[in-house]
Amino acid sequence: MMQEKTFGNLVNGEWRISRENPPLEVLSPVDGSLVGKLSSMSHTELDEAISAAKAAQKAWAAYPVYRKAQLMYRAADLLEQMAEEISECLVMEIAKDKNSAVSEVKRSADLLRYTADVGKSLHGEAIFGDSFPGGSRDKMSCVTRVPVGTVLAISPFNYPVNLAISKIGPALMGGNTVLLKPATQGAVSALMMVKAMQDAGLPAGVLNTATGLGSVIGDYIVTHKDIQFINFTGSTEVGQHISALTSMTPVIMELGGKDAAIVLEDADLDFAADNIVDGAFSYSGQRCTAVKRILALDTIADELVEKLKARVERLKTGDPREPGVTVTPLVSTKSADFVEGLMRGAIQQGARLVTGGQRTGNLIQPTLLDRVTTEMDVAWVEPFGPVLPIIRVASAGEAVEIANRSEYGLQSSVFTNNLNKAYSIAAQLEVGTVQINNKPERGPDNFPFLGVKSSGMGTQGVRYSIESMTRPKAVTINLTGDE
Ligand code: NAP
Ligand code: G3P
């Protein structure tokens with residue numbers, strides 16, 4: 001598929017290239033080469049894709065669950081067979097290092113298999129009236145789960161395969177049809193994944209795609225009358241924009257983050273430093289769950305900084321096609337400018353540059369800033385790049401207060417050898433997930449994944465996603481008591 005430089009959209013089982021608008025060029029952040037040309041779909045073409053999803057939905061809902069599962073298993077196998085091809089595309093399209101790219105594809109195949117497993121065991125329940133005062137045994141509610149209809153899945157640039165499939169798989173297993181709007185930078189990789197899904201034998205119209213700039217087609221598709229659910233992953237800014245437009249459409253939103261790593265005085269500092277550096281700088285910090293600030297107890301901060309510095313300086317940076325490279329060029333010049341501005345601003349305000357700080361094109365060296373204060377933007381803003389601020393605190397209580405003062409609430413890490421203390425701190429942190437003695441991370445994909453405050457709404461994770469994109473349907477049987 002990579003040899004095709006012009007990519008159409010899957011609409012009603014056919015790959016269609018838009019003739020109405022000039023194509024969008026996707027250029028590589030690695031070397032500026034052409035990754036592919038995308039259709040910029042017109043409203044008429046978007047209507048056709050959504051109509052195809054609507055027309056296919058009832059038959060798909062009635063499609064036997066075991067056969068839906070078989071299709072997911074087959075799609076997973078096809079995806080795995082394409083792992084080399086798709087990972088090569090990820091490397092060039094979003095500058096993801098090869099190991100992470102291969103891992104994303106294989107993880108997505110595993111997610112589809114697990115989705116099929118869970119989808120087959122998605123049952124309802126029967127409730128009798130006499131379990132409620134005054135109720136009768138002759139009244140029985142049969143509760144099943146039914147699909148919501150057509151799901152609009154909108155995915156971000158940093159995981160074009162996994163964060164599309166984590167929506168598509170559960171939506172389809174729940175009996176919904178899907179329109180996928182991939183991030184423009186990442187869309188070619190996403191369309192390759194869709195090809196594997198389609199080649200597995202999905203009936204026409206069950207899965208459709210829509211490419212085009214989100215700023216151009218976004219409002220149209222999120223407000224479309226035939227979209228019954230929006231599953232969005234992206235920035236808080238865009239998520240809030242969509243939420244303001246779609247008051248009555250149920251949504252799941254996975255948004256920005258500013259995950260804090262709290263390091264207490266009894267932590268194993270080598271272990272903590274290993275985890276924090278991996279969590280902060282893998283894929284150049286372009287992960288929602290990246291460690292985006294350290295809250296370190298004063299008593300151990302100097303020693304921790306030295307351990308972090310040594311590890312950061314061992315990171316390999318540069319071209320994602322080179323083996324072992326962790327920190328690669330950021331996805332755009334706009335991103336690199338933003339990250340550099342945050343870094344420079346903090347240094348001007350008195351932060352100590354421990355290591356890094358250099359920029360070549362869109363490649364920013366992994367940067368460690370010590371003695372960051374809460375007066376600095378880098379303490380609060382999501383950089384989505386390889387810059388890590390260290391804020392020194394006098395107590396665990398101060399760490400919790402600063403962590404909770406963030407507008408974000410995705411994940412936090414707590415490093416300590418005292419499990420009672422860790423659990424007590426975890427109970428106070430206003431986030432979706434607390435990692436005790438581990439970097440923040442979404443995986444494994446069967447775990448619940450959610451953000452609170454400006455980090456999102458609703459819960460993902462395979463079973464949670466299927467439940468979110470289906471709803472209970474109750475049929476109450478009233479027996480007359482006549483034999
Ligand atoms: P983004 O700029 O918000 O874009 C996300 C998606 O929304 C893209 O497909 C984009 O399309 C589309 N979009 C843009 N404007 C839209 C509109 N008005 N209506 C509908 N869709 C619209 O985010 P990104 O740069 O791709 O990803 C980075 C951000 O996502 C970071 O903030 C990161 O924290 C967050 N993120 C969160 C999670 C999580 O699980 N919580 C996971 C990954 C990323 P275009 O590409 O065409 O603009
Ligand atoms: O930012 C994308 C989010 O899904 C991160 O996943 O497993 O790398 O924490 P993970």
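Count residues from 1 along the sequence. Start at 1 and go down the list; that is how both ligands and their atoms are numbered.
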Query raised in the report: Side chain of E93, backbone of G186: donor and acceptor closer than 3.5 Å?
Result: yes
Query raised in the report: Are any side-chain N or O atoms of W380 and backbone N or O atoms of S406, one a donor and one an acceptor, separated by less than 3.5 Å?
Result: no
Query raised in the report: Looking at residues at least two apart in the chain, or sitting in another chain, which of them share a salt bridge (Lys or Arg N to Asp or Glu O under 4.0 Å) with E401?
Result: R405
Query raised in the report: Under 3.5 Å, is there a donor-acceptor pair between the S468 and S465 side chains?
Result: no
Report task. Measure from NZ or CZ of K96 to the centre of the six-membered ring of Y283 and say whether it is under 6.0 Å with the direction within 45° of the ring axis. Result -> yes
Query raised in the report: Counting heavy atoms not belonging to Y423, are there more than 12 under 6.0 Å from its OH?
Result: no
Requested in this report: Please determine if D278 and R311 form a salt bridge, counting it only when a charged side-chain N lies under 4.0 Å from a carboxylate O.
Outcome: no
Got a list of side-chain donor-acceptor pairs under 3.5 Å for residues 218-228, not counting sequence neighbours?
| residue | atom | partner | partner atom | Å |
| --- | --- | --- | --- | --- |
| D219 | OD1 | H241 | NE2 | 2.8 |
| D219 | OD2 | H241 | NE2 | 3.4 |
| Y220 | OH | D47 | OD1 | 2.6 |
| Y220 | OH | D47 | OD2 | 3.0 |
| T223 | OG1 | D219 | O | 2.6 |
| T223 | OG1 | Y220 | O | 3.4 |
| H224 | ND1 | D226 | N | 3.1 |
| H224 | NE2 | D47 | OD1 | 2.9 |
| D226 | OD1 | K54 | NZ | 3.3 |
| Q228 | OE1 | T150 | N | 2.7 |

Report task. Apply salt bridge (Lys or Arg N to Asp or Glu O under 4.0 Å) to D31 and R321, showing your working. Result -> CA-CA 11 Å; D31 62 4; R321 292 168 292 191; 3.7 Å; yes
Enumerate, one pair per line, all nitrogen or oxygen atoms of ligand 1 lying under 3.5 Å from a protein nitrogen or oxygen, stating the separation to 0.1 Å; write 'none' if no such pair exists.
| residue | atom | partner | partner atom | Å |
| --- | --- | --- | --- | --- |
| ligand 1 | 3 (O) | S235 | N | 2.8 |
| ligand 1 | 3 (O) | S235 | OG | 2.7 |
| ligand 1 | 9 (O) | S155 | O | 2.8 |
| ligand 1 | 9 (O) | A183 | N | 3.3 |
| ligand 1 | 11 (O) | K181 | NZ | 3.0 |
| ligand 1 | 23 (O) | S235 | N | 3.4 |
| ligand 1 | 26 (O) | F157 | N | 3.0 |
| ligand 1 | 30 (O) | G234 | O | 3.2 |
| ligand 1 | 30 (O) | S235 | N | 3.3 |
| ligand 1 | 32 (O) | E382 | OE1 | 2.8 |
| ligand 1 | 34 (O) | E382 | OE1 | 3.3 |
| ligand 1 | 34 (O) | E382 | OE2 | 2.7 |
| ligand 1 | 40 (O) | R442 | NH1 | 3.4 |
| ligand 1 | 41 (N) | L255 | N | 3.3 |
| ligand 1 | 41 (N) | L255 | O | 2.7 |
| ligand 1 | 46 (O) | T184 | N | 2.9 |
| ligand 1 | 47 (O) | K181 | NZ | 3.0 |
| ligand 1 | 47 (O) | T184 | OG1 | 2.6 |
| ligand 1 | 47 (O) | G214 | N | 2.8 |

Query raised in the report: Who are the residue neighbours of ligand 2 when the rule is a heavy atom under 4.0 Å from any of its atoms?
Result: R107, N158, Y159, L163, R287, C288, T289, E441, R442, G443
